[in-house]
Amino acid sequence: MEIIKVENLYTAFGDNIVHENLSFNVKEGEIFGVLGGSGSGKTVLVKQIVMLNEIQRGTIKFFDKDISNLSLKEIENIKLKFSYLFQFGALYSFLNVIENIGVMLKEYTNLPKDLIEKISYTYLDIVGLPKRVAKLYPSELSGGMKKRVALARSLAMQPKILFLDEPTSGLDPGSTKQINELLLYLKNSLNITTVIITHDLETIKTVLDRFIIIKREIIFDGDINAAMDSSNKFVQEFLTNTKDA
Ligand SMILES: Nc1ncnc2c1ncn2[C@@H]1O[C@H](COP(=O)(O)OP(=O)(O)O)[C@@H](O)[C@H]1O
Ligand SMILES: [Mg+2]
């Protein structure tokens, strides 16, 4: 079952044409990757899907519903099914770890305080962080730990679809490996449709079920084996040199 359908998306900022004729689907339960060089419009694309950026031309459907034609009530309902972790999506510096994890639940649900705390501790555990970090503040955490806390905050909303914008960017190789292991664990244990923007070859090879590579248009749509077999020069370059892409 297709959960997201993007059809003929066109996006330009002045003379800068970012997307041309983008069409692709994301299926339910899939870990789907959005790849492309820097400035290729990956973040803009995901922001359009989660209704933070406007759609200029083309359509985006969520469960076969065109998101441009929704009532406010429907938008609210759909937004509750999304959770996203943006590239520079920071934690609140004035809240400790456990409060950061629960902040969305506090904002968007009517759950009692002690239940929110319980849920938050569950997700702290799910992302592999020990209880002793619960009362620490973001400034006391390593980069990898911050990403985990942000991921726990997104997961705590029990999203139908999770969007992750470069979850390993800025991390050292050790922390990157840990985040990839965590993503793999989440893939195998929670059945959440996930859209990941990434440059990391390890994420691409081990975590993604399928991915697209965008360069204004879609230049590849398939899995890692198909990408390796592709005769497209850019696809090959991308796979051998993703860090510089
Ligand atoms: N609000 C905006 N106004 C003008 N240009 C924008 C805006 N948002 C993004 N862009 C441009 O669109 C292109 C794609 O940006 P982005 O989606 O952030 O790329 P990336 O693939 O690195 O995530 C870039 O050239 C960026 O400068
Ligand atoms: Mg980006």
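Just follow the structure's listing: the first ligand is 1, and inside any ligand the first atom is 1. None of the values given here were measured: they were computed from a predicted structure.
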Problem - Sole candidate of Val133, Ile179, Ile126, Ile101 that passes side chain to side chain contact (heavy atoms under 4.5 Å, CB included) when paired with Arg148 - result: Ile179
Handout entry: Any Leu70 side-chain heavy atom under 4.5 Å of Lys65 side chain
Key = yes
Handout entry: Under 3.5 Å: N/O of Gly39 near N/O of ligand 1
Key = yes
May I have the list of side-chain donor-acceptor pairs in residues 46-54 shorter than 3.5 Å, sequence neighbours left out?
{"residue": "Gln48", "atom": "NE2", "partner": "Thr11", "partner atom": "OG1", "Å": "3.1"}
{"residue": "Gln48", "atom": "NE2", "partner": "Glu54", "partner atom": "O", "Å": "3.1"}

Problem - Heteroatom distance test (Phe13, ligand 1): nitrogen or oxygen, under 3.5 angstrom - result: no
Practice task
Could you tell me how the ring of Phe82 sits relative to the ring of Phe163: parallel (under 30°), tilted (30 to 60°) or perpendicular (over 60°)?
Solution key: perpendicular
Problem - Heteroatom proximity flag, Val18 to ligand 1, N/O under 3.5 Å - result: no
Identify each donor-acceptor pair in which a side-chain atom of residues 223-235 lies under 3.5 Å from a protein atom, sequence neighbours left out, and give them as a table.
{"residue": "Asp223", "atom": "OD1", "partner": "Asn225", "partner atom": "N", "Å": "3.2"}
{"residue": "Asp223", "atom": "OD1", "partner": "Ala226", "partner atom": "N", "Å": "2.9"}
{"residue": "Ser230", "atom": "OG", "partner": "Asn232", "partner atom": "N", "Å": "3.0"}
{"residue": "Asn232", "atom": "OD1", "partner": "Phe234", "partner atom": "N", "Å": "2.8"}
{"residue": "Asn232", "atom": "OD1", "partner": "Val235", "partner atom": "N", "Å": "3.3"}

Practice task
Verify the distance criterion only: is there a donor paired with an acceptor across the side chains of Thr43 and Asp165 at less than 3.5 Å?
Solution key: yes
Practice task
Using a strict 4.0 Å cut-off to heavy atoms of Ser38, name the atoms of ligand 1 that fall inside it.
Solution key: 22 (O)
Fill in the blank from the handout: Under 4.0 Å from one or more heavy atoms of Asn16, ligand 1 contributes atoms 25 (O)
Exercise for the section: Decide whether the shortest distance between a heavy atom of Gly37 and an atom of ligand 1 is less than 4.0 Å. Expected result: yes
Handout entry: Short N/O/S contact of Thr43 with the Mg ion (ligand 2) (below 2.8 Å)
Key = yes
